[in-house]
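In what follows, residues are counted from 1 in the order of the sequence shown.
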Amino acid sequence: MEMPPVNPVGEKDTSQPQQQWEKNPQENLDSTTQIKQQSPDPPTEILELRVSPNQASQILENSQGTEKLAAGLQGNSAKSRGSTNEMPEPLQASDLWYCPDGSFVKKIIIRGHGLDKPKLGSCCRVLAFGFPFGSGLPEGWTELTMGLGPWREGTWGELIEKCLESMCQGEEAELQLSEHSGPPFRLTLASFTQGRDSWELEASEKEALAREERARGTELFRAGNPEGAARCYGRALRLLLTLPPPGPPERTVLHANLAACQLLLGQPQLAAQSCDRVLEREPGHLKALYRRGVAQAALGNLEKATADLRKVLAVDPKNRAAQEELGKVIIQGKKQDAGLAQGLRKMFD
């Protein structure tokens, strides 16, 4: 059933053509890391975890392959305008918009009106076709609020929100995803209400939104969804980073929790960087030291990993997670030394 329209920004809502597209499900990221908690009632900050040095998983956001995406959209341009008997208009560079993170390319089918675009709090009336079942976005007409709601937590929600932020009222576009080889998806922004940029928010409003994102992120983490949790923590940090330094102390917990998610997602380099942000503010933060040690071990930086884990044990000698991880690092170091020694012997044989 078609949903009632919302108050548009600028001109009145105009009807858009509807076209059914094939559904192509996308596989979710696979995480094999197990999380170990020290108490039955964990505090707000996430407890220690185990990560294998060989663990790796793909992340959707990457900066490669956008040329191939554009080529794919150009091949579908004849299907987007007019009847099959009409000659398609040549694709212009201005018809394409490349998402900065390389996750998708947008081709404008029908240009929108005006210059305004959805902002935080804008209620958008959207027509969507071709998105896979389970994407969190229903087929046909729906209303989405920018910056709010569980629809943003999944991979598809994040992509759609990024696309809507680049669209004007009445714009119709096709999206070709870097991780999807099937036909493009269709998205139409019929209308939207007025929103605000993050810089227009008061400090108290930003902090309140950040607390909501943090709470939702912790729920998702405990439910076994580190990818969704990482998005929530990232959004909370982006809000708080716009506040004057030194910023609220909640940033420390957010960076530490984000590091836990990044380890589970096989992103040790990012996890080490998140821990660095924590330790810049609190050099003795045990969870950040432990997680950075795990990240450094996964990166093969055994000396740095040993140093961080020994710092944890110097303060908390009974920390079983740090003990076990340090034991693994020592064994890994011995194997590395044995391999190096064997290589040197062969050089002089």
Side-chain angles (χ1 to χ4, degrees), residues 23-52 55-62 101 103-104 131-138 142 144-163 177-180 209-240 250-251 253-275 278 287-288 290-291 294-295 298 321:
K23 297 182 179 180
N24 290 279
Q26 178 176 357
E27 295 181 358
N28 294 325
L29 294 175
D30 180 27
S31 176
T32 58
T33 306
Q34 298 180 344
I35 307 167
K36 179 178 178 182
Q37 299 184 341
Q38 290 181 328
S39 64
D41 186 15
T44 304
E45 187 172 351
I46 299 167
L47 304 180
E48 77 273 357
L49 58 149
R50 306 286 193 272
V51 177
S52 169
Q55 185 181 28
S57 61
Q58 295 180 346
I59 56 174
L60 183 61
E61 296 184 357
N62 61 78
D101 61 21
S103 56
F104 68 89
F131 291 91
F133 179 78
S135 64
L137 185 70
T142 187
L144 305 173
T145 302
M146 301 292 286
L148 299 172
W151 69 274
R152 307 160 60 236
E153 293 166 2
T155 300
W156 292 98
E158 185 180 35
L159 290 169
I160 292 165
E161 188 169 47
K162 290 176 183 177
C163 184
L177 276 61
S178 61
E179 298 293 327
H180 182 82
L209 287 173
R211 284 193 296 270
E212 292 179 9
E213 293 283 5
R214 172 186 169 183
R216 182 55 181 159
T218 300
E219 290 177 8
L220 291 172
F221 189 93
R222 291 172 178 168
N225 184 1
E227 186 181 7
R231 292 192 183 96
C232 291
Y233 294 140
R235 287 193 291 261
L237 282 168
R238 284 192 290 273
L239 286 166
L240 297 181
E250 192 172 25
R251 284 170 51 182
V253 178
L254 286 167
H255 277 299
N257 288 354
L258 180 59
C261 297
Q262 290 164 336
L263 284 174
L264 288 172
L265 294 171
Q267 303 165 10
Q269 185 67 50
L270 295 178
Q273 293 172 2
S274 295
C275 291
V278 177
K287 289 184 175 66
Y290 169 76
R291 291 168 187 163
V294 174

To the nearest 0.5 Å, what is the distance between [atom1] on [X] and [atom2] on [Y]?
X: Arg235; Y: Leu209; atom1: CZ; atom2: CG; value: 11.0 Å
X: Arg238; Y: Leu254; atom1: CZ; atom2: CG; value: 11.5 Å
X: Met146; Y: Ile160; atom1: CE; atom2: CD1; value: 10.5 Å
X: Cys275; Y: Leu263; atom1: SG; atom2: CG; value: 6.5 Å
X: His255; Y: Asn257; atom1: NE2; atom2: CG; value: 11.0 Å

**OP:** Using side-chain hydrogen bond (donor to acceptor under 3.5 Å, both in side chains) as the criterion, list what pairs up with Gln269, not counting sequence neighbours.
**Re:**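 Scan of Gln269 (side-chain hydrogen bond (donor to acceptor under 3.5 Å, both in side chains), adjacent residues dropped) gives none.
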Please give me the minimum heavy-atom distance between [X] and [Y], naming the atom from each residue.
X: Leu220; Y: Cys232; answer: CD1-SG, 3.8 Å
X: Leu239; Y: Ala210; answer: CD1-N, 3.9 Å
X: Ala230; Y: Leu265; answer: CB-CD1, 4.4 Å
X: Lys162; Y: Phe104; answer: CB-CE2, 4.1 Å
X: Ala229; Y: Gly217; answer: CB-O, 3.1 Å
X: Glu213; Y: Gly147; answer: OE2-O, 4.2 Å

Original post:
Does a side-chain N-to-carboxylate-O contact under 4.0 Å join Arg216 and Glu219?
Top reply: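 Judged by the 4.0 Å cut-off on N to carboxylate O distance, Arg216 and Glu219 do form a salt bridge.
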Subject >> Salt-bridge criterion met for Glu227 and Arg231 (N-O under 4.0 Å) >> reply: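 Yes, Glu227 and Arg231 are salt-bridged.
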Original post:
Within the side chain of Arg291, is there an N or O that forms a donor-acceptor pair under 3.5 Å with the backbone of Ala256?
Top reply: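 It does hold such a pair.
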